[in-house]
Amino acid sequence: MGYGLLKGKRGIISGAIDENSIAWKIAQRAKDEGAIFTLTNAPIAMRMGEINKLAEECNAEIIPADATSVEDIENLFSRSVEILGGKLDFVLHSIGMSPNVRKGKEYGDLNYEWYKQSVDISAMSFHKFMQVAEKQDAINEWGSIVALTYMAAQRTFSFYSDMADAKAMLESIARSYGYRYGKLKNVRVNTVSQSPTKTRAGGGIGGFGNFFEFAEKMAPLGNATADDCADYVVTLFSDLTRKVTMQNLYHDGGFSMTGISAEVLEMIKPAE
Ligand code: NAI
């Protein structure tokens with residue numbers, strides 16, 4: 001049962017590919033809170049067909065868009081406004097992909113064409129979303145834009161490779177565009193830095209399983225799940241957070257502020 005936090009609000013939710021996707025949970029939660037929205041993903045992701053289930057459940061139309069294509073994004077925003085019957089109040093960017101990570105390339109052996117793709121898909125697309133939205137004047141005053149990120153933007157996690165650089169850029173875009181969009185239209189822009197979460201993108205990272213357990217043992221509240229993330233993001237789309245902007249908001253059970261936990265210390269006993 002929702003609280004009606006998003007009653008009357010319209011939005012776009014990207015990045016739901018299967019029921020483990022963080023965006024999938026956010027869509028379900030946004031629906032519970034009374035929002036109407038369109039769903040989008042890369043045309044290639046449509047082939048899996050899973051997203052149709054979510055669309056049916058949420059009574060939402062799907063608009064395929066490759067996040068690297070300005071043309072696709074223009075169509076996404078203009079069609080969404082048309083279908084939903086008015087300007088948007090929220091946009092979720094839940095898109096990330098690194099061919100280097102997928103193919104196990106180490107940071108000292110990156111393929112630069114793939115590096116460009118990582119940055120284009122995972123970071124520059126966020127700028128493209130906002131530039132298109134601004135040019136089309138597609139977002140209402142006090143609208144809210146959220147992108148999902150990871151703490152490897154601030155601290156090194158050896159397995160995160162070029163995605164760390166993409167996330168650092170994503171968070172910088174949130175600040176730069178947040179300033180601009182705030183001045184222009186009172187639209188707020190934030191990133192949510194989420195715990196490791198068992199999804200397709202998460203599972204594609206080498207050593208993810210071990211790291212998930214480590215983070216679980218470090219965070220005093222344990223890892224935040226995709227459902228927890230959905231709860232948090234819904235508050236950011238709501239009118240209850242109208243003065244929060246240009247922030248990178250940690251949603252990680254306290255992991256980012258923990259030096260070391262008792263559980264992890266216990267695991268690393270010195271040799272007798
Ligand atoms: P996911 O694999 O379910 O979602 C990633 C989405 O990106 C997929 O739906 C995929 O189709 C979409 N995508 C990839 N290339 C695209 C393109 N060219 N155009 C449009 N869409 C494209 O995985 P998850 O974990 O839900 O990822 C969502 C976001 O959360 C990503 O930005 C990810 O980096 C971030 N995140 C994930 C964490 C995790 O441990 N799973 C932790 C922190 C952040």
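First listed ligand is number 1; within each ligand, the first listed atom is number 1. Note that the structure is predicted; figures quoted are calculated from it, not measured.
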* Looking only at protein heavy atoms, which one is nearest to atom 43 (C) of ligand 1, and how far off is it? -> T149 O, 3.2 Å

* Backbone or side chain, does any N or O of S21 fall under 3.5 Å from an N or O of ligand 1? -> yes

* Asked: Does some non-hydrogen atom of F208 fall short of 4.0 Å from ligand 1?
  -> yes

* **N/O separation below 3.5 Å, K167 to ligand 1** => yes

* To do: Measure up the F157 and F211 rings against each other and bin them: parallel (under 30°), tilted (30 to 60°), perpendicular (over 60°).
  => perpendicular

* Asked: Quick one: which ligand 1 atoms are inside 4.0 Å of a heavy atom on S195?
  -> 40 (O), 42 (C)

* Would you mind checking if D120 and K128 are paired as a salt bridge, meaning a charged N to carboxylate O distance below 4.0 Å? => yes

* N/O to N/O below 3.5 Å, does that happen between A67 and ligand 1? -> yes

* Do T225 and D227 get their side chains close enough for a donor-acceptor pair, meaning under 3.5 Å? -> no

* Do you reckon V91 sits in the same ILVMFWY cluster as V70, going by side-chain contacts under 4.5 Å, direct or chained? -> yes

* Structure fact -> CG of L39 to CD1 of I51, rounded to nearest 0.5 Å, is 5.0 Å

* Check the angle between the aromatic planes of Y177 and Y181 and answer parallel, tilted or perpendicular using the 30° and 60° thresholds. => tilted

* To do: Pick whichever of C229, A224, A201, A147 has a heavy atom sitting closest to atom 27 (O) of ligand 1.
  => A201

* Structure fact -> Sorted by chain and residue number, the side chain to side chain donor-acceptor pair (under 3.5 Å) partners of E266 (sequence neighbours excluded) come out as K269

* For ligand 1, which atoms sit closer than 4.0 Å to a heavy atom of Q194? -> 42 (C), 43 (C)

* Any idea which atoms of ligand 1 are less than 4.0 Å away from a heavy-atom of P196? -> 40 (O)

* To do: Please report which non-hydrogen protein atom sits nearest to atom 12 (C) of ligand 1, along with the residue it belongs to and the distance in Å to one decimal place.
  => N41 OD1, 3.6 Å

* Structure fact -> Filtering A23, A16, A215, A42 for the heavy atom nearest atom 17 (C) of ligand 1 leaves A42

* When you measure from atom 13 (N) of ligand 1 to each heavy atom in I95, V192, D18, D66, which option holds the nearest one? -> I95

* Asked: Is there a donor-acceptor contact under 3.5 Å from the side chain of R242 to the main chain of N186?
  -> no

* Identity and distance of the protein heavy atom lying nearest atom 4 (O) of ligand 1 -> G15 O, 3.5 Å

* What do you reckon, does I121 have a nitrogen or oxygen under 3.5 Å from a nitrogen or oxygen of ligand 1? -> no

* Asked: Near G202, which atoms of ligand 1 are under 4.0 Å from a heavy atom of that residue?
  -> 41 (N)

* Would I139 and I145 satisfy side chain to side chain contact (heavy atoms under 4.5 Å, CB included), going step by step from the backbone distance to the final call? -> CA-CA 9 Å; I139 301 187; I145 302 173; 3.6 Å; yes

* Structure fact -> The answer for which part of L148 has a heavy atom under 4.0 Å from ligand 1 is both

* Asked: Do R188 side-chain atoms and T241 backbone N/O form a donor-acceptor pair below 3.5 Å?
  -> yes

* Asked: Do D162 and S98 have a side chain donor and acceptor closer than 3.5 Å?
  -> yes

* Structure fact -> Near A45 (heavy-atom distance under 4.0 Å), the atoms of ligand 1 are 11 (O)

* Asked: Quick one: do D109 and K105 make a salt bridge, cutoff under 4.0 Å?
  -> yes

* With atoms numbered from 1 as shown, which atoms in ligand 1 lie under 4.0 angstrom from a non-hydrogen atom of I17? -> 3 (O), 9 (O), 11 (O)

* **Identity and separation of the nearest protein heavy atom to atom 25 (O) of ligand 1** => T199 OG1, 2.5 Å

* Output yes when the distance from some N or O of ligand 1 to some N or O of T197 is under 3.5 Å, and no in every other case. => yes

* Structure fact -> for atom 26 (O) of ligand 1, nearest protein heavy atom and its distance come out as I22 N, 2.9 Å

* Asked: Do the side chain of T38 and the main chain of S80 share a donor and acceptor less than 3.5 angstrom apart?
  -> no

* Structure fact -> Paired with N223, the side-chain contact (heavy atoms from CB on, under 4.5 Å) test is passed by just one of F214, F212, F255, namely F212

* To do: Look at atom 6 (C) of ligand 1 and find which of S94, G203, S125 reaches it with the closest heavy atom.
  => S94

* Asked: For ligand 1, is any non-hydrogen atom under 4.0 Å from S122's backbone (N, CA, C, O), its side chain (CB onward), both, or neither?
  -> neither

* Asked: For ligand 1, is A65 a contact, meaning one of its heavy atoms is under 4.0 Å away?
  -> yes

